[in-house]
Amino acid sequence: MRRGVRLGLQAAAVALLAALIGLFARSVLAGSTTVSAELNDGQRPAAPNFTLPNLNGRGDVALKSFRGKVVLLNFWASWCPPCRVEAAQFRLIQSQYGRRGVAVIGVDSQDFANDARKFAREFHVNYTLVHDSSNDVTNRWGVTSGFPVTFVINRAGAVQKMFQTQVTGAELTRAIRPLLGGGQA
């Protein structure tokens, strides 16, 4: 083999190896800095802001615009059976606690936006729904093992709790009441 070709192939192999190492390092760093990883390590991380399109078609929604409220951030998809059950719980929580400073935000991911809109109509959703078409937000929050996953965020924007499975209305109420200053509904 000619020396020039051999050197070219070696350079290409080194470049490919460097790119693979870079991708691996990026995935390791991203995985260790997810919100769910920080919670699992006993931390109460600041909720990373995101801006996603509102599923109702009326502009974008930024998480930081809910600062000062207790936020239930629910990652879901229209094809997820437990998510269908949870929709009624979130609708009820929004109705009961919305005036007391609770906001429910549903992040639709790994889904078609039209299917998510149909879900919202079918389940009479009364809370904010956004669509994460790239899954960047879903990945940043560490939602990788399925839906639904719900995070509880306090008024100051710190993530307090994570539910990695279907959540009940009673569990949601127990999670948000102390963040509202106690008391009954």
Once rounded to the nearest 0.5 Å, what's the spacing between atom CG of L72 and atom NZ of K161? 12.0 Å
Compare all side-chain heavy atoms of P148 with those of N74 and state whether any distance is below 4.5 angstrom. yes
Can any side-chain N or O of W79 pair as donor or acceptor with the backbone N or O of Q110 at less than 3.5 Å? yes
Show the nearest heavy-atom pair for residues A47 and L63, with the distance to one decimal. CB-CD2, 4.0 Å
Would you say L172 ends up clustered with F151 if hydrophobic residues are merged whenever their side chains have heavy atoms under 4.5 Å apart, either directly or through other cluster members? no
Decide yes or no for V70 and N154: does some side-chain heavy atom of the first lie under 4.5 Å from some side-chain heavy atom of the second? no
May I ask you to decide if T33's main-chain N or O and R140's side chain share a donor-acceptor pair within less than 3.5 Å? yes
Is there a side-chain contact (heavy atoms from CB on, under 4.5 Å) between Y97 and V104 once you walk through the steps? CA-CA 10 Å; Y97 290 95; V104 178; over 6 Å; no
With a 4.5 Å cut-off on side-chain heavy-atom distances among I, L, V, M, F, W and Y, is there a chain of contacts connecting F119 to V149? no
Nearest atoms (heavy-atom pairs only) where P45 meets L39: CD-CD2, 3.9 Å
So, the side chain of T51 versus the backbone of A62: is there a donor-acceptor pair under 3.5 Å, distance only? no
Verify side-chain contact (heavy atoms from CB on, under 4.5 Å) between D41 and E38, making sure each step is shown before the conclusion. CA-CA 5 Å; D41 287 342; E38 291 179 52; 5.6 Å; no
side-chain contact (heavy atoms from CB on, under 4.5 Å), that's the test. Do L52 and V107 meet it? Break it down for me. CA-CA 9 Å; L52 291 171; V107 179; 4.1 Å; yes
Can you find a heavy atom in the side chain of V143 that is under 4.5 Å from one in the side chain of S109? no
When rounded to the nearest 0.5 angstrom, what distance separates CZ in R44 from CD1 in I153? 12.5 Å
Nearest 0.5 angstrom please: D60 CG to S65 OG, how far? 10.5 Å
Would L73 and F66 show up in the same hydrophobic cluster when neighbours are defined by side-chain heavy atoms closer than 4.5 Å? yes
Is the shortest heavy-atom distance from the side chain of I176 to the side chain of I93 under 4.5 Å? yes
Side-chain ion pair, E122 and R84, N-O less than 4.0 Å: yes
N49 side chain to K64 backbone, donor-acceptor under 3.5 Å: yes
Side-chain (N56) to main-chain (R58) donor-acceptor, under 3.5 angstrom: yes
Is I105 reachable from L55 through a run of hydrophobic residues whose side-chain heavy atoms are each under 4.5 Å from the next? no
Roughly how far, to the nearest 0.5 Å, is CD of E86 from CZ of F163? 9.5 Å
Could you check M162 against Q164 for side-chain contact (heavy atoms from CB on, under 4.5 Å), going step by step and ending with a plain yes or no? CA-CA 6 Å; M162 172 178 53; Q164 292 183 309; 3.5 Å; yes
Parallel, tilted or perpendicular: rings of F75 and W141 (30°, 60°): tilted
Checking the side chain of Q96 only, and the main-chain atoms of Q94 only, is there a donor and an acceptor separated by less than 3.5 Å? no
With a 3.5 Å cut-off and sequence neighbours excluded, list the donor-acceptor pairs that the side chains of residues 124-132 form with protein atoms.
residue : atom : partner : partner atom : Å
N126    : ND2  : R91     : O            : 3.2
N126    : ND2  : S95     : OG           : 3.0
H131    : ND1  : D108    : OD2          : 2.7
D132    : OD1  : N135    : N            : 3.1
D132    : OD1  : D136    : N            : 3.4
D132    : OD2  : V137    : N            : 3.2
D132    : OD2  : T138    : N            : 2.8
D132    : OD2  : T138    : OG1          : 2.7

Say you draw a straight line from OG of S78 to NZ of K118; how long is it, rounded to the nearest 0.5 Å? 8.5 Å
Where is the tightest heavy-atom contact between V35 and P48, given as atom of each residue plus distance? CG2-CD, 3.5 Å
Hey, quick one: are V152 and W76 part of the same hydrophobic cluster, counting side-chain heavy atoms closer than 4.5 Å, chains of contacts allowed? yes
First locate atom CZ of R100, then atom CG of L179, and finally report the distance between them rounded to the nearest 0.5 Å. 11.0 Å
Hey, does the side chain of N54 reach the backbone of G57 with a donor-acceptor pair shorter than 3.5 angstrom? no
